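Throughout, protein chains are lettered first and strands after them, A, B, ... in sequence-line order, and every chain is numbered starting at 1. This one's a predicted model, so the numbers in the text were calculated from it and none came from an experiment.
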Amino acid sequence: MSRLWKFLFFLLVARGIVFLIGWRIHHRYRLPRSGPAILVANHNSHLDTLILMSLFPLSQVHHLRPVADQHYFLEQNRCLAWFSRQVLDIIPVPRHRSEGAGDRNSDSAYCGHRAFLKNCEAALHQNQIVIFYPEGTRGQPEALTPFNSGVAHLAKHHPQVPLIPIFLQGLGKVLPKGEFLLVPFLCQIVIGNPLYWSGNKPDFLKELTDQIQALSREADIPIWE
Amino acid sequence: MLSERIAAALANPVVVVLGGIYGLLVVATLVIYRWVNASSPADQAELQDRIKSWWVMVTLFSLAVLLHRSVAIICFGLLSFMALKEYLSLIPTRRVDRQLLLWAYLAILLQYLWVGMGWYGMFLIFIPIYVFLFLPMRMVLMGETQGFLNAIGTLHWGLMLTVYAISHLSYLLMLPRTGNPVTGGAGLLVYLVVLTEGNDIAQYITGKLWGQHQILPKISPSKTRAGLGGGIVITTGLSVALAPWLTPFTLLPTLGMGLLLSLMGFIGDVTISALKRDLGIKDSGTLIPGHGGILDRIDSLTYTAPLFFHITVYCYYRGQLL
């Protein structure tokens, strides 16, 4: 059933939004044909997930699993929860997985985090493609914030799974955080070469950040102030 | 019954000319795939992309012109929408103006509504008067003066180019038959678009073959004297060949129109080139393989469409529209 909703949504709604916005894709051939894979992108807008999922053919859409904040998407609003589960088919991630010891102190947060890693593992074992935003939140429109280490955890547990870095430009202008009116702008999607776990967390995060920043230099970014 | 309809269609010069364009496309495709050897495989691929895109664009244009007037008006509205969106995505904009841009998009809808209604006076003044006065007012009410002049200037120039100028193409279809009894507005539209795009192609080919002396090296390195001259000769020739079929023009106006469209197409082209140069980009987009973006394709039309429209109306429809 979930597959049907997903299919209909991406056939009817997502295509319309993609037409309205319009995109420009750099290096489309670097997208994985099939899972398991982890797409790692910067995060500026709710539209990021919709656009990333629309990059794949409709027959692939049920293999895509965006990672999304459990509290925001599942625990606030019933409609949003239904949409998140049935249409987007998210992998919920508990809040406050912040750096260092903060989450270790709280048992429930630690359990939630383990459940999340398990869900990711299950998804990757079923050859699904996990979409991950290492900035954690959408933040200031069109600005890159430091990555948190969750993505390094995931990569460490799955050293054989490719991570595809992706830079998204423009969607923070189309629909920034806290706005309801969608204003059409062309967006750019720059897809990078796959990365694999390098064996060291800080180095890996730095490599990933550098990669996404390098991709951002391939896009033409007009001033927006 | 069917044969009668085919005979009726073939009696329509617009259908014959569009058929001729398809004939030229077939020849060009054969030439590109069989005989042309570009200097590099990338150039060859670009040439092939270009001709494939022409097949798509000619087909969309033919369907829009032949199906129904309202279909064509909606298609030109979509063209304006895509062009304005491309423009606004390329230029620097202000965060504070994000929602204001929705009003600029709304102006497209209204402008093409006036076209569809045949409200000539409103079509003429809506963007140069009402939108021109409204957008700065709305911008001032936001209370941000930093960058105000840049923001309003770039926005209005973009609207004039991508919406006002392009909407003249669609208003040709609303002209009464009196000024052009055989083919009406559709004939004028096909004449204008074929000549403008033909001029682009003629300039490109003659420039590639014989071009040596650049005209505006600071703006566009590919614009040469030979290209401009070749464009003028071929476009004027094409104008003489097509005018008796599609337009009410006699020989002298036909020659004048060919020359005007050729020169003004060139100016439209280099105006958009100057914009791209200023922004530091090569193409305005990647939507049309081999050509670039929408603005790269409609650049010449932004000059030729309004000029052709107003000169034709002045000479052949005076006193018939307002």
Side-chain angles (χ1 to χ4, degrees), chain A residues 15-31 44-48 51 54-55 138-145 166-191 215-225, chain B residues 74-75 77-109 138 142 144-148 150-151 154-155 158 162-163 275-289 291-296:
Chain A
R15 297 275 141 130
I17 295 176
V18 168
F19 171 77
L20 198 68
I21 302 171
W23 61 24
R24 182 170 165 189
I25 306 164
H26 304 249
H27 316 302
R28 191 175 194 152
Y29 62 92
R30 290 178 183 165
L31 275 183
N44 283 311
S45 167
H46 279 320
L47 293 171
D48 291 345
I51 290 290
S54 303
L55 286 172
R138 287 167 291 159
Q140 278 294 311
E142 302 294 286
L144 199 64
T145 51
I166 297 177
F167 177 74
L168 299 170
Q169 184 271 330
L171 292 163
K173 284 158 79 171
V174 179
L175 190 72
K177 190 174 185 172
E179 292 274 353
F180 295 97
L181 276 175
L182 187 154
V183 179
F185 284 98
L186 284 168
C187 66
Q188 292 182 80
I189 304 155
V190 193
I191 297 155
L215 295 177
S216 77
R217 286 189 287 275
E218 284 188 48
D220 303 315
I221 308 176
I223 301 163
W224 198 53
E225 274 164 2
Chain B
I74 291 169
C75 286
L78 284 173
L79 184 69
S80 279
F81 169 68
M82 291 193 285
L84 181 66
K85 188 173 64 180
E86 197 173 86
Y87 174 78
L88 292 175
S89 307
L90 289 174
I91 63 164
T93 47
R94 303 190 302 171
R95 266 165 214 248
V96 63
D97 296 332
R98 202 186 77 90
Q99 292 193 5
L100 174 99
L101 299 181
L102 279 180
W103 290 101
Y105 286 118
L106 183 68
I108 302 175
L109 201 69
R138 178 69 174 59
M142 297 298 293
E144 176 62 64
T145 54
Q146 182 89 39
F148 169 76
N150 259 334
T154 50
L155 181 57
T162 61
V163 186
L275 165 75
K276 291 185 290 184
R277 264 292 146 98
D278 188 15
L279 295 172
I281 53 175
K282 187 183 164 285
D283 286 333
S284 71
T286 52
L287 191 68
I288 316 173
H291 297 256
I294 297 273
L295 287 172
D296 292 316

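- With values rounded to the nearest 0.5 angstrom, A:I223 atom CD1 is found 12.0 Å from B:R95 atom CZ.
- Among all heavy-atom pairs drawn from B:G285 and A:R24, the shortest one is CA-NH1, 4.3 Å.
- Within the 4.5 Å cutoff, the side chain of B:T286 has no heavy atoms near those of the A:H26 side chain.
- Here the straight-line distance linking atom CG of A:L182 with atom CD of B:Q99 works out to 11.0 Å at 0.5 Å rounding.
- Heavy-atom distances place the side chain of B:L78, and not its backbone, under 4.5 Å from chain A.
- In this structure, the separation between OG on B:S89 and CD on A:Q188 is 8.5 Å, given to the nearest 0.5 Å.
- Heavy atoms of A:I25 lying under 4.5 Å from chain B are absent altogether.
- Contact between B:M82 and A:F19 at its shortest, heavy atoms only, is SD-CE1, 4.5 Å.
- The two residues A:F185 and B:L88 have their closest heavy-atom pair at CE2-O, 3.7 Å.
- With sequence neighbours excluded, the residues forming a side-chain contact (heavy atoms from CB on, under 4.5 Å) with B:L279 are B:L90, B:I91, B:P92, B:L275, B:I281, listed by chain and number.
- Heavy atoms only, all atoms of each residue included: A:K173 and B:R98 are closest at O-NH1, 2.9 Å.
- Scanning all heavy atoms of the two residues, the minimum distance from A:L20 to B:F81 falls at O-CZ, 3.5 Å.
- The neighbour count for A:W224 CH2, taken as heavy atoms of other residues, nucleotides or ligands under 6.0 Å away, is above 12.
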